[in-house]
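What follows is a single structure, written as structure tokens, with notes after it.
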Amino acid sequence: MGRYLVRRLLQLVPVFLGTTFLIYWLVWSVPGDPFAGKCGERRCPPEYVAAMTAKYHLDQNVFVQYATYMKNLLQGDFGTTYSGRSINDIIATAYPNTLKLAVVALAIEAVIGLTAGVLTGLRRNGFLDNLVLVSTLFLIALPVFVVGFVLQWLFGVQWKIVPATVSSEMPFSQLLIPGFVLGSASMAYIARVARTSIAENRRADYVRTAIAKGLPMRRVVGVHLLRNSLIPVVTLLGTDLGALMGGAIVTEGIFGINGIGRQVYRSIVTKESATVVSIVVVLVLVYLLMNLLVDLLYAALDPRIRYE
């Protein structure tokens with residue numbers, strides 16, 4: 001396991017460098033004046049543009065810019081915005097909010113999705129099975145912003161159960177609706193994958209053997225059937241944390257959450273390329289580490305899997 005972990009960590013290095021360089025090149029190659037609007041309604045003086053161009057190495061090729069950026073990144077410095085604000089401070093303020101929202105969404109989709117998948121996988125073609133299939137298809141088909149606006153209007157405006165927007169303290173009770181909105185599509189996929197996996201493994205020889213030995217059905221399902229059926233579900237959940245954090249732009253905008261997604265949107269509008277790159281770099285790192293954690297969990301779920 002130790003050798004496998006070291007090998008996987010070394011494999012992450014070229015993947016991280018290649019991915020971040022591609023992102024850096026794409027963001028910095030976007031046409032447009034990065035200093036437009038930085039001096040109010042007037043055009044910025046040539047002296048200001050020249051000084052800012054030299055400060056942010058915009059007069060050099062993309063390889064030199066990327067090398068300089070990575071050098072500062074290895075020292076823990078994500079750089080500064082064109083207005084002089086530290087990007088480290090922006091990430092430190094916004095990242096915990098998005099992480100909290102993503103964890104709530106992940107917990108909701110895991111509990112509801114897995115429960116629905118297990119129940120329908122054990123009792124296929126019944127009323128509950130058909131209900132889950134129709135509702136999950138409905139959630140997959142609906143865009144996130146539609147689900148968000150409908151639930152915000154129902155729970156926040158019409159019924160007044162929770163505030164329409166999340167306060168700066170972000171209590172757990174106010175994150176339930178945004179978390180459900182953010183994880184709704186993934187929850188539907190998890191329910192369907194769990195349903196298929198449970199139904200397939202239920203016909204396996206080891207399940208029939210456990211039943212023939214007289215084991216209680218609760219133990220057969222909870223220990224034998226569920227454990228072997230969780231591998232595809234864990235794959236979805238593990239990789240979904242990074243996806244949820246990157247896809248929180250719409251949800252955070254609807255519910256007024258000051259998170260990573262909202263900062264990315266603001267940075268794109270104001271052409272703050274350095275902020276966009278830095279936030280995406282953090283998301284890439286989280287995504288790669290979650291993929292590694294998922295691979296390590298496979299061995300814990302299935303004793304037949306061994307890493308050397």
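The first residue in the sequence is number 1, and the count goes up from there.
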Value for CZ (Arg262) from CG (Asn97), rounded to nearest 0.5 Å, stands at 10.5 Å
Mind checking the CG-OG spacing from Leu225 to Ser197? Nearest 0.5 Å is all I need. 8.0 Å
Do you know the tightest heavy-atom contact between Ser229 and Pro232? O-CD, 3.5 Å
Hey, is CZ on Arg208 packed in by over 12 heavy atoms from elsewhere, all under 6.0 Å? yes
Please tell me whether Phe138 and Leu131 are part of a single hydrophobic cluster in this structure, the criterion being side-chain heavy atoms less than 4.5 Å apart. no
Okay, side chain of Ser186, backbone of Gly183: is any donor-acceptor separation there less than 3.5 Å? no
Please check this pair: side chain of Thr136 against backbone of Leu133, looking for a donor-acceptor N/O pair closer than 3.5 Å. yes
Let's go through Val162 and Leu176 carefully: what are the C-alpha distance in whole Å and the side-chain angles of both, what is the deciding distance for side-chain contact (heavy atoms from CB on, under 4.5 Å) to 0.1 Å, and is it a yes or a no? CA-CA 9 Å; Val162 294; Leu176 289 176; over 6 Å; no
Among all residues two or more places apart in sequence or in another chain, which pass the salt bridge (Lys or Arg N to Asp or Glu O under 4.0 Å) test with Arg8? Asp295
A side-chain contact here means heavy atoms from C-beta on lying under 4.5 Å apart; do Thr115 and Leu119 qualify? yes
Can you sort out the partners of Asp59 under salt bridge (Lys or Arg N to Asp or Glu O under 4.0 Å), two or more places apart, ordered by chain and number? none
Partner set under ring-ring contact (aromatic ring centres under 6.0 Å, His included) for Phe255, not counting sequence neighbours: none
In the hydrophobic clustering that connects Ile, Leu, Val, Met, Phe, Trp and Tyr at side-chain heavy-atom distances below 4.5 Å, which members other than Val64 occupy its cluster, ordered by chain and number? none
Val147 and Leu142: which non-hydrogen atoms are nearest, and at how many Å? CG2-CB, 3.9 Å
Taking the side chain as everything from C-beta on, heavy atoms only, tell me whether Val277 gets closer than 4.5 Å to Thr20. no
Examine Leu122 and Val111 and state if one hydrophobic cluster contains both, with Ile, Leu, Val, Met, Phe, Trp and Tyr joined whenever side-chain heavy atoms are less than 4.5 Å apart. no
If we check side chain to side chain contact (heavy atoms under 4.5 Å, CB included) with Thr275, which of these qualifies: Ile268, Val264, Thr81? Thr81
Do you know which two heavy atoms are closest between Ala188 and Leu139, and how far apart they sit? CB-CB, 4.2 Å
Please step through side-chain contact (heavy atoms from CB on, under 4.5 Å) for the pair Asn258 and Arg266, ending with a clear verdict. CA-CA 11 Å; Asn258 184 27; Arg266 290 175 179 173; 3.9 Å; yes
Using the rule given for side-chain contact (heavy atoms from CB on, under 4.5 Å), can you reason through Asp240 versus Leu236, listing the C-alpha separation, both sets of side-chain angles and the distance that settles it, and then say yes or no? CA-CA 6 Å; Asp240 207 32; Leu236 283 175; 5.7 Å; no
Return the set of residues passing ring-ring contact (aromatic ring centres under 6.0 Å, His included) with Tyr66 (not counting sequence neighbours), or none when no residue passes. Phe21, Tyr24
Cationic N near anionic O, under 4.0 Å, Asp129 to Arg195: yes
Flag, side chain of Lys100 to backbone of Met170, donor-acceptor distance under 3.5 Å: yes
Which residues pass the side-chain contact (heavy atoms from CB on, under 4.5 Å) test with Ile254, not counting sequence neighbours? Phe145, Phe149, Gln152, Val250
Pairs under 3.5 angstrom only: tabulate donor-acceptor contacts from the side chains of residues 84-93 to other protein residues two or more places apart or in another chain.
{"from": "Ser86", "atom 1": "OG", "to": "Asn88", "atom 2": "N", "distance (Å)": "3.3"}
{"from": "Asn88", "atom 1": "OD1", "to": "Phe78", "atom 2": "N", "distance (Å)": "2.9"}
{"from": "Asn88", "atom 1": "ND2", "to": "Gly76", "atom 2": "O", "distance (Å)": "2.7"}
{"from": "Thr93", "atom 1": "OG1", "to": "Asp89", "atom 2": "O", "distance (Å)": "2.9"}

If you round to the nearest 0.5 Å, how far is CE of Met52 from CD of Glu47? 14.0 Å
Listed by chain and number, what are the side chain to side chain donor-acceptor pair (under 3.5 Å) partners of Glu109, not counting sequence neighbours? none
Rounded to the nearest 0.5 Å, what separation is found between the CG atom of Leu175 and the CD1 atom of Ile177? 10.5 Å
OG1 of Thr251 to CG of Leu151, rounded to nearest 0.5 Å, is 10.5 Å
Donor-acceptor pairs under 3.5 angstrom involving side-chain atoms of residues 9-17: please list them, not counting sequence neighbours.
none

Looking at every heavy atom in both Thr98 and Ile260, which two are closest together, and how far apart are they? OG1-N, 2.5 Å
Partners passing salt bridge (Lys or Arg N to Asp or Glu O under 4.0 Å) against Arg124 (at least two apart in sequence or in another chain): none
Heavy-atom side-chain proximity of Val233 to Leu114 below 4.5 angstrom: yes
Note: Val276 and Ser267 closest approach over all heavy atoms is CG2-CB, 3.5 Å
Side-chain H-bond candidate by donor/acceptor type, Thr80 with Tyr56, under 3.5 Å: yes
Test side-chain contact (heavy atoms from CB on, under 4.5 Å) applied to Val286 and Met290, step by step: CA-CA 6 Å; Val286 171; Met290 289 306 300; 4.2 Å; yes
Would you name the heavy atoms of Ile190 and Gly113 that are closest together and state the gap between them? CG2-C, 3.9 Å
Quick one: does Gln158's side chain have a donor or acceptor within less than 3.5 Å of a partner on Trp153's backbone? no
In this structure, would Met187 and Leu128 fall into the same cluster of hydrophobic residues linked by side-chain contacts under 4.5 Å? no
With sequence neighbours left out, which residue pairs that include part of residues 162-206 fulfil the ring pair (Phe, Tyr, Trp, His ring centres under 6.0 Å) condition? none
Determine, using the 4.5 Å side-chain heavy-atom cutoff (strictly less than), whether Val134 and Val193 are members of one ILVMFWY cluster. no
Qualifying side chain to side chain donor-acceptor pair (under 3.5 Å) pairs with a residue from residues 169-178, counting only residues at least two apart or across chains: Ser167-Glu169, Ser167-Gln174
With a 3.5 Å distance limit and no angle check, can you tell me whether Asp77 reaches the backbone of Leu73 through a side-chain donor-acceptor pair? no
Can Val104 be reached from Leu99 by stepping across I, L, V, M, F, W or Y side chains whose heavy atoms are under 4.5 Å apart? yes
Within a strict 4.5 Å, meaning less than it, do heavy atoms of the Asn291 and Tyr287 side chains meet? yes
First locate atom CG of Leu237, then atom CG of Leu293, and finally report the distance between them rounded to the nearest 0.5 Å. 11.5 Å
Side chain proximity check, Lys213 to Thr209, heavy atoms < 4.5 angstrom: yes
Could you tell me whether the side chain of Ser278 and the main chain of Ala274 form a donor-acceptor pair under 3.5 Å? yes
